[in-house]
Amino acid sequence: RPLVDWDLILVMEPLTIGGALLGAFLNKLLPELFLTVMLVLLLSFTAYESLKKAVKMYKAESRKLREQGLKPDGSKESELTQINQQEKIVDKNQAGDELLKDMDLQEGESPGDME
């Protein structure tokens with residue numbers, strides 16, 4: 001495969017030359033302030049779109065890393081950290097179960113009885 005895509009050049013180069021000619025013509029015709037404002041708007045729009053795409057890519061990459069068990073910096077969590085996190089989840093579930101057991105009614109009690 002060649003390093004230069006000549007078909008792409010044949011399509012793009014006439015448009016590039018036309019854009020340069022049109023830009024030079026408009027540069028002579030329009031006031032400097034208008035051109036500056038338009039260039040700032042163009043730069044702002046392209047920067048915003050680039051940032052939006054970068055954030056979207058970052059979120060997708062971070063999600064994939066988490067699914068693989070990796071931290072956002074690409075390093076893997078140690079087994080001790082994973083075990084500790086699993087124990088915390090189990091402890092929370094057990095605490096909730098114990099709380100529900102404490103709340104169960106004793107024999108002979110009705111929901112309205114307050115002693």
Between side-chain atoms of residues 35-44 and protein atoms elsewhere (two or more places apart, or another chain), which donor-acceptor pairs fall under 3.5 Å?
unit_1 : atom_1 : unit_2 : atom_2 : d
Thr36  : OG1    : Glu32  : O      : 2.8
Ser44  : OG     : Val40  : O      : 2.8

**Request:** Give me the other members of the hydrophobic cluster that Ile17 sits in, counting Ile, Leu, Val, Met, Phe, Trp and Tyr linked by side-chain heavy atoms under 4.5 Å, directly or via other members.
**Result:** Leu21

**Item:** Listed partners of Leu8 passing side chain to side chain contact (heavy atoms under 4.5 Å, CB included), at least two apart
**Value:** Asp5, Met12

**Request:** Return the set of residues passing side chain to side chain contact (heavy atoms under 4.5 Å, CB included) with Val11 (not counting sequence neighbours), or none when no residue passes.
**Result:** none

**Complete:** In short, salt bridge (Lys or Arg N to Asp or Glu O under 4.0 Å) pairs touching residues 45-58 with sequence neighbours left out are Glu49-Lys52

**Request:** Just jot down the salt bridge (charged side-chain N to carboxylate O under 4.0 Å, His left out) partners of Lys28, sequence neighbours excluded, or say none.
**Result:** none

**Item:** Gap between atom CG of Leu29 and atom CZ of Phe34 - 0.5 Å precision
**Value:** 11.0 Å

